[in-house]
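Below you'll find the structure, written out as structure tokens, and then a few comments.
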Amino acid sequence: MTRVGREFGCWALGACVMAASPSLALADEPTALSIIVDRGASDITYYLQMPAEGIVPLLDADPAKVFSDDGAVPIVAFRSAGSFVLADALFSGIEAQASSSDVSFSSMSLMLHPASERLPFETPIEGIIAISVCNVDYGFDALMPADLTLYHGAFADGVAADDAVTLSFPATGRAPVEVTLRHYQDGRFITEETTTLRDGGTLTLAPQQATTLAMPPMAFAALGLTLLLIGGYRATHRETLGSA
């Protein structure tokens, strides 16, 4: 596996702490979500933070995609497959739509970090760090899903900067969830809003006028390099899987 593959697959080191059965490990209701949205002239990227135990009630995900029969995470399989493969599967229940074009989000990475070591999560560069850096302890037996935070990043090309994008979540019978949205345009902060996502509800990522607070040049360069490396890794990895 390439260095990029190891970096974006190493979340499984923390994921294998899930040692209880799926039915006992997951919460009945998700809690709050935090989403960072960064839009360019023809692309859109989002970073999502949520409690790991809310995977099933929020996404209507199959626990078998995350847990083995004994409740553990198959670390070797996830490392070889790449965390974006799992992320695509888990988030497949969210439907994206733009007012003037089709939208197809591709996952960049999915990470699990200890909730006790909560990472800064307000800017695009902090979103990049959260999905690309492993900061887990090696006391696997000590942590459970309730002790973990999930971080996910995805991007889509061919979306005009003035085109509103909606994310429709599956209906699972869950309670409403509070969502904090932080909007950026080309790395420039626009606004922050808090909304309620009802069961089967929709979030709108609407374009707005950017402020003059720009992302530092090095941070913006890091974002471009990260997307380039992720795209190259995804393409190389899929070719490897196809020839296997």
Side-chain angles (χ1 to χ4, degrees), residues 3-18 30-40 43-55 58-59 61 66 73 75 78-79 82-91 94 105-138 143 145-156 167 177-184 187-189 192 194 203 205 215-216 218-231 233-234:
R3 179 185 177 192
V4 175
R6 289 195 297 273
E7 290 175 348
F8 285 89
C10 65
W11 73 273
L13 287 172
C16 67
V17 303
M18 300 183 184
T31 53
L33 296 179
S34 181
I35 300 176
I36 301 166
V37 182
D38 193 18
R39 304 188 64 137
D43 60 78
I44 181 170
T45 304
Y46 75 77
Y47 307 93
L48 179 147
Q49 176 195 68
M50 62 177 285
E53 60 181 344
I55 291 172
L58 180 71
L59 305 175
V66 185
V73 173
I75 180 173
F78 287 171
R79 275 182 162 180
S83 66
F84 66 84
V85 176
L86 174 63
D88 280 342
L90 290 180
F91 286 82
I94 299 179
F105 278 97
S106 296
S107 295
M108 296 185 290
S109 178
L110 184 151
M111 290 279 179
L112 294 174
H113 296 303
S116 61
E117 300 176 18
R118 195 175 185 88
L119 301 178
F121 197 77
E122 292 187 352
T123 68
I125 191 63
E126 290 174 346
I128 293 171
I129 293 172
I131 68 169
S132 61
V133 176
C134 290
N135 71 332
V136 297
D137 295 325
Y138 286 94
L143 296 178
D147 301 313
L148 293 167
T149 300
L150 179 149
Y151 298 86
H152 171 244
F155 69 95
L167 301 178
V177 178
E178 183 177 278
V179 181
T180 299
L181 287 163
R182 290 183 61 84
H183 298 274
Y184 289 77
R188 298 174 183 270
F189 178 69
E192 177 179 320
T194 300
L203 291 178
L205 313 181
M215 179 191 292
M218 288 300 295
F220 192 75
L223 172 60
L225 178 59
T226 299
L227 293 177
L228 178 62
L229 291 174
I230 291 168
Y233 172 63
R234 285 180 63 99

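- In this structure, Tyr46 has no side-chain hydrogen bond (donor to acceptor under 3.5 Å, both in side chains) partners at least two apart in sequence or on a different chain.
- Without hydrogens or angle criteria, Asp38 side chain to Gly187 main chain gives a donor-acceptor distance under 3.5 Å.
- The minimum heavy-atom distance linking Asp88 with Ser107 is given by the pair OD1-OG, 2.8 Å.
- Atom CG of residue Leu150 and atom CD of residue Glu53 lie 11.5 Å apart, to the nearest 0.5 angstrom.
- Using a 4.5 Å heavy-atom cutoff, the side chains of Thr180 and Leu33 are not in contact.
- Aromatic pair Phe91/His152: centroids less than 6.0 angstrom apart.
- Remark: the backbone N or O of Thr149 is not paired with any side-chain donor or acceptor of Arg118 at under 3.5 angstrom.
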> What's the verdict on side chain to side chain contact (heavy atoms under 4.5 Å, CB included) for Leu48 and Tyr151, showing C-alpha distance, side-chain angles and the deciding distance?
Replying inline: CA-CA 6 Å; Leu48 179 147; Tyr151 298 86; over 6 Å; no

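- Contact of the Leu181 side chain with the Leu205 side chain is registered, since non-hydrogen atoms from C-beta on lie closer than 4.5 Å.
- Listed for the Ser109 side chain is a donor-acceptor partner under 3.5 Å among the backbone atoms of Ile131.
- Residues passing the salt bridge (charged side-chain N to carboxylate O under 4.0 Å, His left out) test with Glu122, sequence neighbours excluded: none.
- The line from CZ of Arg182 to OG1 of Thr194 is 10.5 Å long, rounded to the nearest 0.5 Å.
- Ser132 contributes atom OG, which lies 9.0 Å from atom CE of Met108 (distance to the nearest 0.5 angstrom).
- With a 4.5 Å cut-off on side-chain heavy atoms, Met50 and Leu58 count as touching.
- Proximity of Ile55 to Leu90: side-chain heavy atoms (C-beta onward) are separated by under 4.5 Å at one or more points.
- Put simply, OG on Ser34 and CD on Glu178 are 10.5 Å apart, with the number rounded to the nearest 0.5 Å.
- Using a 4.5 Å heavy-atom threshold, the side chains of Tyr47 and Glu126 count as separate.
- In this structure, the side-chain contact (heavy atoms from CB on, under 4.5 Å) partners of Ala156, at least two apart in sequence or on a different chain, are Ile44, Val103, Phe105, Val159.
- Contact annotation: the side chain of Ser106 never approaches that of Phe84 to less than 4.5 Å [non-hydrogen atoms, C-beta and beyond].
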>> side chain to side chain contact (heavy atoms under 4.5 Å, CB included) for Ile36 and Tyr184? Distances and angles first, verdict last.
In response: CA-CA 8 Å; Ile36 301 166; Tyr184 289 77; 4.1 Å; yes

